[in-house]
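Here's the structure we're looking at; comments come further down.
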Amino acid sequence: MNCRGQRQRVMIAMALANRPELLIADEPTTALDVTVQAQILELLGKLKSEHGMSILFITHDLGIVRKVADRVCVMTKGKIVEMGPTAEIFANPQHGYTRKLLAAEPKGEPPPTDADKPIVIEADDVKVWFPIKTGFLRRVTDHVKAVDGVDLTLKAGHTLGIVGESGSGKTTLGLALTRLISSQGRIAFVGQDIQGRGFAEMRPLRRQMQIVFQDPYGSLSPRMSVADIVGEGLLVHEPQLTADERDRTVAAALAETGLDPETRHRYPHEFSGGQRQRIAIARAMVLKPKFVMLDEPTSALDMSVQAQVVDLLRDLQVKHQLAYLFISHDLKVVRALANDIIVMRNGQVVEKGPAGDLFANPREEYTKALLAAAFNIEAVKTAAIRQ
């Protein structure tokens with residue numbers, strides 16, 4: 001069990017300590033990968049039966065609602081707009097907002113790739129090993145192999161999805177490729193070998209490689225206006241711009257990501273989660289990058305907003321021929337964005353290949369278990385992924 005799953009089990013144990021009749025589960029699986037999510041849901045169902053308690057399950061994941069809820073209340077703008085038995089709500093939704101939610105799952109396919117496009121980033125035998133020190137003298141006796149011998153190639157206009165459980169090495173690999181942590185092995189960016197380059201040597205390339213983080217609430221400074229947040233990179237990489245030129249560039253980036261440029265003088269707390277993530281995307285896009293690392297960019301968003309962000313990312317990729325490294329545990333979103341997929345477990349590549357082939361015919365049991373967890377939670381058993 002990875003650490004996130006363990007922490008969630010601790011929280012459940014705390015909540016059950018006083019034998020409650022009602023357990024309020026507020027997004028208990030949002031930050032969990034699909035296999036651990038299935039285990040937590042199985043645990044909650046077991047505890048509900050054993051203790052005879054009721055569960056108020058709050059979530060934006062309609063797939064989970066369909067599997068675990070007896071009755072559903074649909075809310076928008078602080079009001080319940082529809083309620084009833086789960087099967088009836090999903091089979092025959094009456095309210096327009098409910099129909100919108102049910103139709104909001106990310107759809108479509110990733111933009112087609114062109115084999116003749118230039119290679120943006122290439123990696124050979126990348127390793128990130130963290131030393132384990134023991135004894136009085138703190139000598140290195142072993143290593144945590146967070147990333148262990150990964151190869152990949154990413155071209156312009158191409159999306160490579162990195163999937164796996166929490167702790168599988170997905171984000172560590174992304175940080176290594178962007179030289180935010182040290183690693184071993186060869187990494188080349190736009191034809192330049194960047195392995196071993198220090199902070200100062202990497203600075204000229206930083207504007208071409210950007211990151212959009214998972215949490216739109218934590219990744220934006222609450223003390224900075226949107227204009228300052230989006231324009232911060234311009235101060236570093238285009239210091240020759242005047243204040244007016246920088247302001248126009250920021251406004252154009254906000255408009256491109258679907259935000260009203262007139263809101264640029266507001267602060268992050270004045271925006272919704274989806275709008276904040278658009279601000280984070282604008283912050284990356286304002287520098288006209290060639291490579292963007294997307295680290296779980298939709299996991300904190302409800303399904304209708306997820307679909308909008310996926311559409312936005314696809315449009316931006318086509319327009320600017322961006323290379324995306326898309327890190328996610330949400331395979332439904334990955335299917336809508338990724339051309340190719342790498343499946344990671346314990347720092348190693350378990351399976352990789354074109355997304356269509358991998359979804360249609362996974363070869364490895366681990367991949368099959370991930371897909372089962374994502375698309376049919378009831379089919380997942382704890383032992384299937386832990387064997």
Side-chain angles (χ1 to χ4, degrees), residues 27 30-31 60 106 159-162 170-171 174-175 177-180 205-238 246-320 322-330 333-334 336-338:
E27 298 277 8
T30 296
H60 64 254
T159 299
L160 176 62
I162 310 293
K170 306 186 299 295
T171 299
L175 295 175
L177 294 176
T178 52
R179 293 296 300 147
L180 292 176
L205 296 175
R206 286 294 176 202
R207 67 170 300 163
Q208 299 181 57
M209 49 172 63
Q210 293 294 305
I211 301 176
V212 177
F213 294 100
Q214 174 179 2
D215 183 8
Y217 295 90
S219 63
L220 306 179
S221 172
R223 296 180 178 85
M224 297 172 67
S225 70
V226 169
D228 291 336
I229 290 170
V230 176
E232 188 175 21
L234 295 173
L235 289 171
V236 176
H237 296 287
E238 296 192 29
R246 187 166 59 251
D247 188 59
R248 287 195 296 271
T249 304
V250 168
L254 292 173
E256 187 176 50
T257 54
L259 292 168
D260 182 357
E262 295 302 316
T263 65
R264 65 189 182 277
H265 301 299
R266 299 180 184 176
Y267 288 81
H269 72 271
E270 300 178 70
F271 295 85
S272 68
Q275 289 173 323
R276 294 186 201 194
Q277 199 61 296
R278 288 175 183 266
I279 293 168
I281 295 170
R283 176 174 59 183
M285 295 305 302
V286 76
L287 293 174
K288 307 299 182 187
K290 294 182 177 180
F291 168 74
V292 181
M293 171 182 160
L294 301 161
D295 190 3
E296 301 274 12
T298 63
S299 65
L301 308 177
D302 65 62
M303 292 189 69
S304 60
V305 179
Q306 274 188 6
Q308 296 168 19
V309 171
V310 167
D311 289 342
L312 171 64
L313 291 172
R314 278 197 295 241
D315 292 343
L316 291 172
Q317 182 174 46
V318 171
K319 181 178 180 180
H320 300 290
L322 296 166
Y324 285 155
L325 186 75
F326 189 79
I327 299 169
S328 181
H329 64 252
D330 190 333
V333 178
V334 171
L337 271 175

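Residues V230 and A253 come closest through the heavy atom pair CG1-CB, 4.3 Å. Residues V334 and S328 approach most closely at CG2-CB, 3.8 Å, considering heavy atoms. When all heavy atoms are compared, the tightest approach of A284 to P289 is O-CD, 3.4 Å. Heavy-atom minimum distance, A336 versus V310: CB-CG1, 4.1 Å. Taking every heavy atom of both residues into account, S221 and I229 meet most closely at O-CD1, 3.7 Å. Pairing each heavy atom of M293 with each of I327, the nearest pair is CE-CD1, 3.7 Å.
Residue Q214 holds its CD atom at 10.0 Å from OG of S219, rounded to the nearest 0.5 Å. From Q210, atom CD reaches atom CD1 of I281 across 12.5 Å, with rounding to the nearest 0.5 Å. The CG atom of L313 lies 8.5 Å from the OG1 atom of T159; values are rounded to the nearest 0.5 Å. Summarising the geometry, atom CG belonging to L337 is positioned 12.0 Å from atom CG belonging to L160; distances are rounded to the nearest 0.5 Å. With rounding to the nearest 0.5 Å, the separation of CZ in F326 from OG1 in T298 is 4.5 Å. Atoms CG and CD, on L294 and E296 in that order, are 10.5 Å from each other to the nearest 0.5 Å.
A donor-acceptor pair under 3.5 Å is formed between the side chain of R276 and the backbone N or O of P268.
Scored by the side chain to side chain contact (heavy atoms under 4.5 Å, CB included) test, Q308 finds R278 as partners (sequence neighbours excluded). Here D228 pairs with M224, S225 under the side chain to side chain contact (heavy atoms under 4.5 Å, CB included) rule; sequence neighbours left out. Residues meeting the side chain to side chain contact (heavy atoms under 4.5 Å, CB included) test with R206, sequence neighbours left out: T178, R179, L180, M202, M209, H237. Under the side-chain hydrogen bond (donor to acceptor under 3.5 Å, both in side chains) criterion, R314 pairs with D311, not counting sequence neighbours. Residues forming a side-chain hydrogen bond (donor to acceptor under 3.5 Å, both in side chains) with S272 (at least two apart in sequence, or on another chain): Q275. The side-chain hydrogen bond (donor to acceptor under 3.5 Å, both in side chains) test applied to T171 returns D295, not counting sequence neighbours. Residues meeting the side-chain hydrogen bond (donor to acceptor under 3.5 Å, both in side chains) test with D330, sequence neighbours left out: none. Scanning for side chain to side chain contact (heavy atoms under 4.5 Å, CB included) contacts around E238 gives R207, L234, Q240, L241, with sequence neighbours left out.
Among residues at least two apart or in separate chains, side-chain hydrogen bond (donor to acceptor under 3.5 Å, both in side chains) pairs with a member in residues 250-260 are E256-K319, E256-H320. Under the salt bridge (charged side-chain N to carboxylate O under 4.0 Å, His left out) criterion, no residue pair touches residues 282-293, with sequence neighbours excluded.
Within the 4.5 Å cutoff, the side chain of M285 has heavy atoms near those of the L322 side chain. Put simply, the side chain of L220 does not reach to within 4.5 Å of the side chain of F271, judged on heavy atoms. With a 4.5 Å cut-off on side-chain heavy atoms, E270 and T263 do not count as touching. In this structure the side chain of H269 never reaches within 4.5 angstrom of the side chain of P222, judged on heavy atoms. A 4.5 Å side-chain heavy-atom check between V333 and Q306 finds at least one atom pair inside the cut-off.
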Inset, instruction - Give the C-alpha distance, both sets of side-chain angles, the deciding distance and a yes or no for side chain to side chain contact (heavy atoms under 4.5 Å, CB included) between L316 and Y324. - result: CA-CA 11 Å; L316 291 172; Y324 285 155; 3.8 Å; yes
